[in-house]
*Asks:* 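Starting off with a structure, shown below.
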Amino acid sequence: MKNKFLESGEAGYHPLKKFRTIIKGLRYAVLSDFSVLYKVVVSVIVVLVSLWFHKWVDAALIIMATGFALSAELFNTAIEAMCDFVEERHNHKIGIIKDIAAAAAGVAIFVWAVVIISSFLGVWQRLI
């Protein structure tokens, strides 16, 4: 897609191309970053259990929290990769940037964990 502001890229908008790019990026992240993989696996399991017990609100919250956490992880991974590409040697300022990106992912992981645990406990109580 052509970027109006940077005056770069190809003309035209291709929604299927965008979707393929999203899937390709997510696939790469799941296969190469364990922190993305385990969030996807745990979330799918808990969502399926929630849906099995007809806990629709829990399932929706899990999906939203997972999207939030995965987005933060993907941004963190991209920022770290960009920093490593720009500066291969240790750089104190790059380290601070990477720490801030990791902190953002950490906040998202905390929210995700609270939602997952509270939903799982709610489903667990229903089993008992």
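Note: hydrogens, waters and symmetry copies are ignored here, and every other heavy atom, side chains too, is used. Note that the numbering runs from 1 along the sequence shown for the chain.
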*Asks:* Apply side-chain contact (heavy atoms from CB on, under 4.5 Å) to Val111 and list each qualifying residue two or more places apart in sequence or on a separate chain.
*Replies:* Phe68
*Asks:* Mind jotting down which residue pairs meet the ring-ring contact (aromatic ring centres under 6.0 Å, His included) criterion with at least one end in residues 20-45? Sequence neighbours excluded, please.
*Replies:* Phe34-Tyr38, Tyr38-Trp112
*Asks:* Apply the hydrophobic cluster definition, ILVMFWY joined by side-chain contacts under 4.5 Å directly or through others, and give me every member besides Val114.
*Replies:* Phe110
*Asks:* Look only at the side chain of Asn76 and the backbone of Ala102, and say whether a donor-acceptor pair between them is shorter than 3.5 Å.
*Replies:* yes
*Asks:* Taking transitive links into account, so neighbours of neighbours count too, which hydrophobic residues share a cluster with Ile96 at under 4.5 Å side-chain distance?
*Replies:* Ile100
*Asks:* Under the rule for side-chain contact (heavy atoms from CB on, under 4.5 Å), what residues qualify as partners of Leu51, not counting sequence neighbours?
*Replies:* Val47, Trp56, Ala59
*Asks:* side-chain contact (heavy atoms from CB on, under 4.5 Å) with Val41: which residues, sequence neighbours excluded?
*Replies:* Leu37, Ile45
*Asks:* Where is the tightest heavy-atom contact between Ala72 and Ala104, given as atom of each residue plus distance?
*Replies:* CB-O, 4.2 Å
*Asks:* About how many Å separate OG of Ser35 and CD1 of Ile109, when rounded to the nearest 0.5 Å?
*Replies:* 6.0 Å
*Asks:* Identify, with sequence neighbours excluded, every residue that meets salt bridge (charged side-chain N to carboxylate O under 4.0 Å, His left out) alongside Arg27.
*Replies:* none
*Asks:* Strictly distance-based, threshold 3.5 Å: is any side-chain N or O of Ser119 a donor or acceptor partner for the main-chain N or O of Ile116?
*Replies:* no
*Asks:* Give every residue pair that meets the salt bridge (charged side-chain N to carboxylate O under 4.0 Å, His left out) criterion with at least one member in residues 32-44, sequence neighbours excluded.
*Replies:* Lys39-Glu73
*Asks:* Apply side-chain contact (heavy atoms from CB on, under 4.5 Å) to Ile79 and list each qualifying residue two or more places apart in sequence or on a separate chain.
*Replies:* Cys83, Ile97, Ala101
*Asks:* Residues sharing Val107's hydrophobic cluster, by side-chain heavy-atom contacts under 4.5 Å among ILVMFWY, directly or via others?
*Replies:* none
*Asks:* Listing request: all side chain to side chain donor-acceptor pair (under 3.5 Å) pairs with a residue in residues 95-109, at least two apart in sequence or in separate chains.
*Replies:* Asp84-Lys98
*Asks:* Does anything in residues 107-119 form a salt bridge (charged side-chain N to carboxylate O under 4.0 Å, His left out)? List the pairs, not counting sequence neighbours.
*Replies:* none
*Asks:* Would you please test Val40 and Leu70 for side chain to side chain contact (heavy atoms under 4.5 Å, CB included) and show each step?
*Replies:* CA-CA 8 Å; Val40 170; Leu70 287 178; 3.8 Å; yes
